[in-house]
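Working notes, structure below.
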Amino acid sequence: MQGDYQLQDYEKAVQNFKWSDTEKEFSWHETGLMNIAHEAIDRHADSYRKNKVALFYKDGTRKEAYTYNDMKRMSNKAANVLTNHSTLERGDRIFIFMPRSPELYFSLLGALKMGAIVGPLFEAFMEGAVYDRLSDSEAKAIVTTPELLDRIPVDKLPHLQTIFLVGESIEEDDKHIDLNKHMKKASAAFQVEWLERESPTVLHYTSGSTGKPKGVLHVQEAMIQQFQTAKWVLDLKDEDVFWCTADPGWVTGTAYGVFGPMLAGATSLIVGGRFSTDNWYEAIQEYGVTVWYSAPTAFRMLMGAGAGPVGQYDLSSLRHILSVGEPLNPEVIRWGMEVFKLRIHDTWWMTETGAQTICNFGSLPIKLGSMGKPVPGIEATIVDNQGNVLPPNRMGNLAIKKGWPAMMRGIWNNEEKYESYFMNDEWYVSGDSAYMDEDGYFFFQGRVDDVIMTSGERVGPFEVESKLLEHPAIMEAGVIGKPDPVRGEIIKAFVALHEGFEPSEELAEEIKQFVKKELAAHSAPKEIEFKEKLPKTRSGKIMRRVLKAWELNLPAGDLSTMED
Ligand code: 6R9
């Protein structure tokens, strides 16, 4: 069974596949002890992949390449510095708060080698957000840069003992350690900490619709699913150059920016710096990227830049493109077909699932608008609010049978919250609403709390947003239900326009008619408001709850994950 990496026969795999088959990939199958950084790096450094590039790094000023053997040495050095210059021990929390750079990856892997729990933090977090996360998890150490130092309120964080700094001319004292300086001298050999299946690895904080951000805890065993999906879903092979555009501050940037591809022994590209159409196309051309994992917002930005830039680059190396994070509008898929002559494959999962769960596989015919089918070994369904499984084509809560390998194993400091995700101790309830058709394909409808009820009709905001995006004037769209005394809710759309279009009454009317004609009268927005820009999370999700708060004059809640 192990070796059916291309998933040629989906139905057969669904019937026969067991996660324990995948474990045979790893030597811990026999020893029972493991370390995800060893499996991702050292295992390959000790094999024929020793001199194969594991990581290409490129930003405005640096251009570097590291083989698996280099990665082994550098992560060992990092592990030695972290151990020798702090009191960090197995199970302690260390945060990594810095822009993408090779040092970020060395520290992350080094920390995992010594058995610490890593909390990756997106570089744009401000002081309050940093404080919430470090204090909740009682972090003992952090790796950061001098530029970000003043966002770490050291005085208010009694557990924070050591700050490792990556940068030029660092002044050291008891608390501040120059990571690069000590790495230069450190030994390139390190004895990794051998751990168990359930030993924690990564702590990702995510914000829900209410309350403070919560720490989602992952464990070693997640590697089974991250590896298997890197094979089945990303379709990674030895000769591939894989580019995951996500930052490790988000789960996609760890599960598939580090673990998945490296567990599979692939070559990854990391591009630092901000998004720009030319830099992105240039990166694909320069490195001959073959497999590309990004998000609908990024695709829409490229789409907005038009066909001009596309023609200036040779993008023919691409053979497989995937998307995650928000609904993949059919409009974007059609654009991908035109520009890349490839279909963009949607994948659905969340921080809490730890790895891909519902996806489009190469071997499955794609249904436009669907997220695909469950990964073999994952049982997904739609349940009502009591936990009863619903028949096909009924909208309800998207749920996954408890117990898959990459499933979160806890919410830090909040057992009660953790328990609240599971219904009848059987189903993990995702908070997304969806339906499954008679062929077993899943269709995303929205976050449960976003679904609009207008005149007794259920309307998924995503459907309306997708249609709006097909209008030539619209670049971004966010749709909410606005309370209405007669209809329960009416549909209100916030839209940002492409360059060259001006807001006007006529345009608003034209857009309403467009949706009415193309979708359904009851799905057409009754109100349209033009905005320069829509509120989005840094990972690109339109924040409907912020739109709703604007509309109703309510506080918008936790905004720590919102873009500048
Ligand atoms: C991996 C990641 C999770 C939420 C999830 C859902 C949305 C993710 C999606 C999608 C529609 C897809 N989401 N993939 N919605 N289609 N293919 O994004 O994790 O940041 O925790 O977000 O993102 O609403 O519940 P995370």
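Whatever order the structure lists them in is the order used to number ligands and atoms, beginning at 1.
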Among protein heavy atoms, which sits nearest to [atom], and what does the distance come to when rounded to 0.1 Å?
{"atom": "atom 2 (C) of ligand 1", "value": "W349 O, 3.7 Å"}
{"atom": "atom 6 (C) of ligand 1", "value": "D432 OD2, 3.0 Å"}
{"atom": "atom 18 (O) of ligand 1", "value": "K541 NZ, 3.2 Å"}
{"atom": "atom 14 (N) of ligand 1", "value": "G325 N, 3.2 Å"}

Using a 4.0 Å cutoff against the non-hydrogen atoms of P327, which atoms of ligand 1 qualify? 11 (C), 15 (N), 16 (N)
Counting each atom of ligand 1 from 1 as listed, which ones have a heavy atom of T347 under 4.0 Å away? 12 (C), 14 (N), 17 (N)
Without hydrogens or angle criteria, can the side chains of S466 and E331 be said to hold a donor-acceptor pair below 3.5 Å? no
Between T347 and Y293, is any side-chain donor less than 3.5 angstrom from a side-chain acceptor? yes
With a 4.0 Å cut-off on heavy atoms, is [X] touching ligand 1?
{"X": "H204", "value": "no"}
{"X": "L328", "value": "no"}
{"X": "T206", "value": "no"}

Between Y421 and K417, is there a cation-pi geometry (under 6.0 Å to ring centre, at most 45° from the normal)? yes
Would you say T351 and ligand 1 have an N/O pair spaced under 3.5 Å apart? yes
Check the angle between the aromatic planes of Y435 and F443 and answer parallel, tilted or perpendicular using the 30° and 60° thresholds. parallel
Check each heavy atom of F444 against ligand 1 and say whether those closer than 4.0 Å belong to the side chain, the backbone, both or neither. side chain
